Novice: 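Here it is: the structure, laid out below.
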Amino acid sequence: MKFLELNKKRHAVKTFNDKPVDFKDVRTAIEIATLAPSANNIQPWKFVVVEDKKADLAKDLPDLNKKQVEEAQYVVALFTDTDLIQRSRKIARVGRRNLPDDLIGYYMETLPPRYAKFSDQVKGEYLALNAGIVAMNLVLALTDQGIASNMILGFDKSLTNDILDIDKRFRPELLITVGYSDAKVDPSYRLPVDEIIERR
C-alpha cells in the first residue's frame, strides 16, 4: 500500500466487532512499529498485549474509553523505560553479537552519563516523544493489515502497572485498542497545508 493511501485509511476507530484478530498479526505490527526511529536509538518502549485483563483495565475508564477497551480484541498498553541507563546497557548486551565495538562502547560508556544528567522533565519529554513515534508506526502497521485501532490517552496511569503487573520502572504512555470494525469513519478535518507552513 502506498504511504499516502495508508495514511488516508488510518482513522481513530472506537467500535469493534467480534471478528477475532490473530495474535500473530498484532505481533507483526509491533515488530514493524519497532523499526521507528528513536533518540540515540534507545528504543525505550515496552508493549503489553492485553486480552485476559481487559475488564480490569476498563473498570475505571471514562465510559467511551471503557466501551472501546471491552469491545477490542486486544489492547496494547505502551510503556516506556524510565531507566535509560539500564536500557542503554541492555541494547549493548542483547546486540553484542551484531554491534561493532564502537557502538557497544557508545551504549555502555557514552550514553549512561548523558542520561544521568537528565532532569525528570527532560526525561519525560524524551520518553513521550519516542512513545509517540512508535505508537504512530504501530497504528499504521495495523491499518496496513486491515486492522482498526485507536490511541487512548484518557486513563489513570497510576493504576496501569498494578493492573497489568508491570514493574514501576516502566511508565504507561498510551492504550491502543485493536480489532476489526464495521464502522464507516469519515476522515477528520485537516487544516490546509499552506496554513501550517511558513518559509523564511
Side-chain angles (χ1 to χ4, degrees), residues 1-39 41-55 57-58 61-80 125-155 157 160 164 170-199:
M1 189 181 300
K2 290 185 178 176
F3 193 61
L4 176 60
E5 293 171 10
L6 180 59
N7 275 271
K8 284 183 173 181
K9 284 180 182 286
R10 188 222 53 86
H11 300 291
V13 176
K14 300 176 183 178
T15 60
F16 300 94
N17 62 30
D18 293 332
K19 181 179 175 183
V21 176
D22 192 327
F23 175 77
K24 289 186 289 187
D25 294 334
V26 177
R27 186 190 179 284
T28 295
I30 291 171
E31 186 174 13
I32 292 166
T34 63
L35 298 174
S38 62
N41 194 33
I42 199 63
Q43 308 162 59
W45 37 68
K46 179 182 187 70
F47 300 87
V48 179
V49 182
V50 183
E51 186 176 18
D52 295 339
K53 294 190 172 184
K54 281 193 314 171
L57 205 55
L61 294 178
D63 287 344
L64 181 58
N65 293 345
K66 180 177 183 177
K67 184 173 184 292
Q68 280 182 71
V69 167
E70 289 171 341
E71 282 186 359
Q73 290 290 314
Y74 297 103
V75 178
V76 178
L78 173 61
F79 293 80
T80 51
E125 291 170 355
Y126 184 89
L127 292 174
L129 172 66
N130 285 290
I133 294 169
V134 79
M136 193 67 233
N137 248 26
L138 177 56
V139 298
L140 287 172
L142 290 165
T143 301
D144 193 46
Q145 297 183 79
I147 301 170
S149 64
N150 184 46
M151 291 186 259
I152 297 176
L153 283 167
F155 65 103
K157 294 180 180 182
T160 313
L164 299 178
F170 295 94
R171 183 178 100 157
E173 301 285 353
L174 290 167
L175 301 178
I176 301 171
T177 49
V178 175
Y180 291 105
S181 180
D182 300 317
K184 304 295 179 212
V185 183
D186 292 324
S188 301
Y189 174 73
R190 294 292 187 262
L191 287 166
V193 70
D194 290 327
E195 291 291 326
I196 56 170
I197 295 177
E198 292 190 21
R199 296 180 68 181

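Everything quoted here is computed from the prediction, not taken from an experiment.
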Novice: What's the spacing between L57 CG and D52 CG if we round to 0.5 Å?
Specialist: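 Between L57 CG and D52 CG, I get 12.5 Å after rounding to 0.5 Å.
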Novice: Could you report the tightest heavy-atom contact between K66 and A58, atom names first, then the distance?
Specialist: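 Closest heavy-atom pair between K66 and A58: CG-O, 3.4 Å.
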Novice: Where the side chain of N41 meets the backbone of P37, is there a donor-acceptor pair that is under 3.5 Å apart?
Specialist: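 Looks like no, no N/O pair under 3.5 Å.
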Novice: Taking the side chain from N7 and the backbone from F3, do they hold a donor-acceptor pair closer than 3.5 Å?
Specialist: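 The answer is yes, because a donor-acceptor pair under 3.5 Å joins these two groups.
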Novice: Drop me the distance from R171's CZ to F79's CZ, to the nearest 0.5 angstrom.
Specialist: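 If we round to the nearest 0.5 Å, R171:CZ and F79:CZ are 11.5 Å apart.
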Novice: For D25 and Y180, which heavy atoms make the closest approach, and how far apart are they?
Specialist: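 Scanning both residues, the minimum pair turns out to be OD2-OH, 4.4 Å.
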Novice: Keeping the roles fixed (side chain from N150, backbone from K14), state whether a donor-acceptor pair exists under 3.5 Å.
Specialist: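 No: the side chain of N150 does not pair with the backbone of K14.
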Novice: When you compare the side chain of I133 with that of L129, does any pair of heavy atoms fall below 4.5 Å?
Specialist: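 The answer is yes, as the side chains (C-beta and beyond) meet within the 4.5 Å cut-off.
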Novice: Mind listing the closest non-hydrogen atom pair of G154 and N65 along with its distance?
Specialist: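 So the two residues come closest at O-ND2, 3.1 Å.
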Novice: Go through the steps to decide whether V69 and F155 satisfy the test side-chain contact (heavy atoms from CB on, under 4.5 Å), and finish with yes or no.
Specialist: CA-CA 11 Å; V69 167; F155 65 103; over 6 Å; no
Novice: In Å and rounded to the nearest 0.5 Å, what is the CG to CG distance from D194 to L191?
Specialist: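 D194 CG to L191 CG: 11.5 Å, rounded to 0.5 Å.
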Novice: Report the distance from atom CG of N137 to atom CD1 of I32, rounding to the nearest 0.5 Å.
Specialist: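 If I round to the nearest 0.5 Å, the distance is 9.0 Å.
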Novice: Any chance you could measure S181, atom OG, to Q73, atom CD, to the nearest 0.5 Å?
Specialist: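 CD of Q73 is found 11.5 Å from OG of S181.
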Novice: Measure the shortest side-chain to side-chain distance between P187 and H11 over non-hydrogen atoms and say whether it is less than 4.5 angstrom.
Specialist: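 Contact flag for P187/H11 side chains = yes.
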Novice: At their closest point, which heavy atom of V185 faces which heavy atom of A12, and how far apart are they?
Specialist: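 It is CG1-O, 4.3 Å.
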Novice: Hey, is the main chain of N17 close enough, under 3.5 Å, to the side chain of D182 for a donor-acceptor pair?
Specialist: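 No.
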Novice: State, to 0.1 Å, how close V13 and T15 come at their nearest heavy-atom pair, and which atoms those are.
Specialist: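 That would be CG1-O, 3.4 Å.
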Novice: Say whether, by atom type as modelled, one donor and one acceptor occur between the side chain of S38 and the main chain of Q43 under 3.5 angstrom.
Specialist: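 Side chain of S38 to backbone of Q43, a donor-acceptor pair under 3.5 Å: yes, one is there.
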Novice: Under the salt bridge (charged side-chain N to carboxylate O under 4.0 Å, His left out) rule, collect the residues that match up with E31, sequence neighbours excluded.
Specialist: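 E31 satisfies salt bridge (charged side-chain N to carboxylate O under 4.0 Å, His left out) with R27 only.
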Novice: Are the side chains of L138 and L142 in touch, meaning some heavy atoms are under 4.5 Å apart?
Specialist: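 SC-SC contact between L138 and L142 confirmed.
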Novice: Just verifying a value: how many Å separate L78 CG and W45 CH2, rounded to the nearest 0.5 Å?
Specialist: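 Result: 9.0 Å between the selected atoms.
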Novice: Determine, step by step, whether F170 and V48 satisfy the side-chain contact (heavy atoms from CB on, under 4.5 Å) criterion, reporting the C-alpha distance in whole Å, the side-chain angles of both residues, the deciding distance to 0.1 Å, and the verdict.
Specialist: CA-CA 11 Å; F170 295 94; V48 179; over 6 Å; no
Novice: Measure the shortest side-chain to side-chain distance between I176 and V75 over non-hydrogen atoms and say whether it is less than 4.5 angstrom.
Specialist: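 I176 vs V75: side chains apart.
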Novice: Could you tell me whether K67 and E71 make a salt bridge, using a distance below 4.0 angstrom between a side-chain N and a carboxylate O?
Specialist: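 Between E71 and K67 there is a salt bridge, with a charged N closer than 4.0 Å to a carboxylate O.
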Novice: Any donor and acceptor pair, going by atom type alone, linking the side chain of Y74 with main-chain N or O of K54 inside 3.5 Å?
Specialist: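 The answer is no, because no donor-acceptor pair under 3.5 Å joins these two groups.
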Novice: Taking all heavy atoms of V21 and all of G179, pick out the closest pair and write down the distance.
Specialist: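 So the minimum-distance heavy-atom pair works out to CG2-CA, 3.7 Å.
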Novice: Would you find more than 12 non-hydrogen atoms of other residues, nucleotides or ligands less than 6.0 Å from K53 atom NZ?
Specialist: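 Buried by this count: over 12 neighbours within 6.0 Å.
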